[in-house]
Amino acid sequence: MRRVVALVGGSVQGVGYRWFVRGRATAADLAGSATNLPDGRVEVVLEGPDAAVAAVLADLDGPRAPGAVTSVDVRDEPVQGVRGFTTT
């Protein structure tokens, strides 16, 4: 199991980015969240099997991602056992 927090920069608010992440995460059966931050970034939290987390991380700045991603800063955190995926 793995938990990551990714801070995604670029033009990622108001373009459906959080819903894109939610779709990818729920399809991979991951828990977590996608949250707009006041500075224009989106914070993405993903928790679940390592391979599934890695696959969704790769999609965060992939060709299907809406908007224009310019950076993805990732840090690992201890697994918290969260369930479901939320967007705020």
Side-chain angles (χ1 to χ4, degrees):
M1 295 293 285
R2 182 179 182 195
R3 177 186 175 90
V4 299
V5 176
L7 297 176
V8 183
S11 296
V12 291
Q13 291 190 10
V15 294
Y17 189 83
R18 290 175 299 148
W19 299 104
F20 164 76
V21 173
R22 181 185 181 135
R24 294 294 300 127
T26 56
D29 202 26
L30 296 176
S33 61
T35 305
N36 281 341
L37 298 177
D39 64 5
R41 295 179 298 171
V42 171
E43 179 187 67
V44 176
V45 177
L46 302 169
E47 186 170 304
D50 187 45
V53 169
V56 174
L57 276 176
D59 289 341
L60 294 183
D61 63 352
R64 294 181 176 259
V69 177
T70 58
S71 65
V72 180
D73 297 317
V74 180
R75 71 178 184 269
D76 283 272
E77 292 188 346
V79 173
Q80 296 182 6
V82 298
R83 295 182 182 260
F85 198 91
T86 59
T87 55
T88 54

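In this chain, numbering begins with 1 at the start of the sequence shown.
- Salt bridge E43/R41: absent, no basic N to carboxylate O contact under 4.0 Å.
- Hydrophobic cluster membership differs between V5 and V72, with clusters built from Ile, Leu, Val, Met, Phe, Trp and Tyr side chains linked at under 4.5 angstrom.
- Between P49 and M1 there is a side-chain heavy-atom pair separated by less than 4.5 Å.
- By the 4.5 Å heavy-atom criterion applied to side chains, D59 and R64 are not counted as neighbours.
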Review point. Could you walk me through whether V82 and R3 pass the side-chain contact (heavy atoms from CB on, under 4.5 Å) check?
Key: CA-CA 10 Å; V82 298; R3 177 186 175 90; 4.1 Å; yes
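- Taken together through direct or relayed side-chain contacts under 4.5 Å among Ile, Leu, Val, Met, Phe, Trp and Tyr, V53 and V45 form parts of separate hydrophobic clusters.
- Under a hydrophobic-cluster definition in which Ile, Leu, Val, Met, Phe, Trp and Tyr are linked whenever side-chain heavy atoms come within less than 4.5 Å, directly or via other members, V4 and V69 are assigned to the same cluster.
- What you find for Y17 and V8 is that their closest heavy atoms are OH-CG1, 3.5 Å.
- Other residues, nucleotides and ligands place more than 12 heavy atoms under 6.0 Å from the CG atom of D76.
- At distances below 3.5 Å, at least one donor-acceptor pair connects side-chain atoms of R18 with backbone N or O atoms of T88.
- Cluster annotation: V15 and V42 are assigned to the same hydrophobic cluster (Ile/Leu/Val/Met/Phe/Trp/Tyr, side-chain heavy-atom contacts under 4.5 Å, transitive).
- Between V74 and L57, the closest side-chain pair of non-hydrogen atoms falls below 4.5 Å.
- A 4.5 Å side-chain heavy-atom check between R24 and L60 finds every atom pair outside the cut-off.
- Nearest approach of A68 to V12, heavy atoms of both residues: O-CG1, 4.5 Å.
- Under a 3.5 Å cut-off, the side chain of Q13 and the backbone N or O of L37 do form a donor-acceptor pair.
- The two atoms that bring A28 and V56 nearest to each other are CB-CG2, 3.9 Å, heavy atoms only.
- Inspection of the S33 and T86 side chains reveals no N or O donor paired with an N or O acceptor under 3.5 Å.
- The minimum heavy-atom distance between V21 and F85, with the atom names listed, is CG1-CZ, 3.9 Å.
- Rounding to the nearest 0.5 Å places CZ of F20 at 14.5 Å from OG1 of T87.
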